[in-house]
Amino acid sequence: MAADHGVAARGTSAYPQEVTAQMVLNFLHGGAGINVISRQVGARVIIVDMGVAVKLEANPDCFPGELPPVLRI
């Protein structure tokens, strides 16, 4: 599950909000550590977009699952 939580917008995060989308793309393209582990055990990595601020590219391993507005910061 991936989402932006608003902490970066408040200036209290070590990383800018754009890093979330970059990490998701890394997962989807097989470049993260979890991808290496999943390949070793024959598992599939899927992402549920729970509110990433940037629109993600269409990918069969990325599913929408947006948070309701009341839960967003």
Side-chain angles (χ1 to χ4, degrees):
M1 300 176 126
D4 286 298
H5 45 66
V7 174
R10 293 188 175 165
T12 57
S13 177
Y15 303 99
Q17 193 167 333
E18 295 79 15
V19 171
T20 305
Q22 292 169 357
M23 287 301 301
V24 170
L25 292 175
N26 194 30
F27 295 144
L28 292 172
H29 292 126
I34 192 62
N35 299 105
V36 174
I37 294 168
S38 69
R39 284 191 292 272
Q40 291 297 313
V41 299
R44 178 179 169 201
V45 174
I46 61 168
I47 303 296
V48 179
D49 179 355
M50 296 297 293
V52 177
V54 176
K55 181 162 175 55
L56 299 171
E57 64 185 44
N59 187 297
D61 289 327
C62 187
F63 300 90
E66 193 163 323
L67 290 171
V70 70
L71 297 178
R72 296 184 202 151
I73 295 176

Fill in: Rounded distance [0.5 Å steps], CZ in Arg39 versus CD1 in Ile34
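With rounding to 0.5 Å, CZ (Arg39) is 10.5 Å from CD1 (Ile34).
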
Should [X] and [Y] be regarded as members of a common hydrophobic cluster, given that ILVMFWY residues are connected when their side-chain heavy atoms come within less than 4.5 Å of each other, either directly or indirectly?
| X | Y | answer |
| --- | --- | --- |
| Met50 | Val24 | no |
| Phe63 | Val45 | no |
| Val48 | Met23 | no |

Worksheet item: Are there more than 12 heavy atoms of other residues, nucleotides or ligands under 6.0 Å from atom OH of Tyr15?
Response: no

Fill in: With Ile47, the side chain to side chain contact (heavy atoms under 4.5 Å, CB included) member among Asp61, Leu25, Leu28
Leu28

Practice prompt. Grab the two heavy atoms, one from Leu56 and one from Cys62, that are nearest each other, plus how far apart they are.
Written response: CD1-SG, 3.9 Å

Worksheet item: Which atoms form the tightest heavy-atom contact between Asn35 and Ser38, and what is the distance?
Response: O-OG, 2.9 Å

Worksheet entry | Flag, side chain of Asp49 to backbone of Pro64, donor-acceptor distance under 3.5 Å |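 Judged by distance alone, no pair lies under 3.5 Å.
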
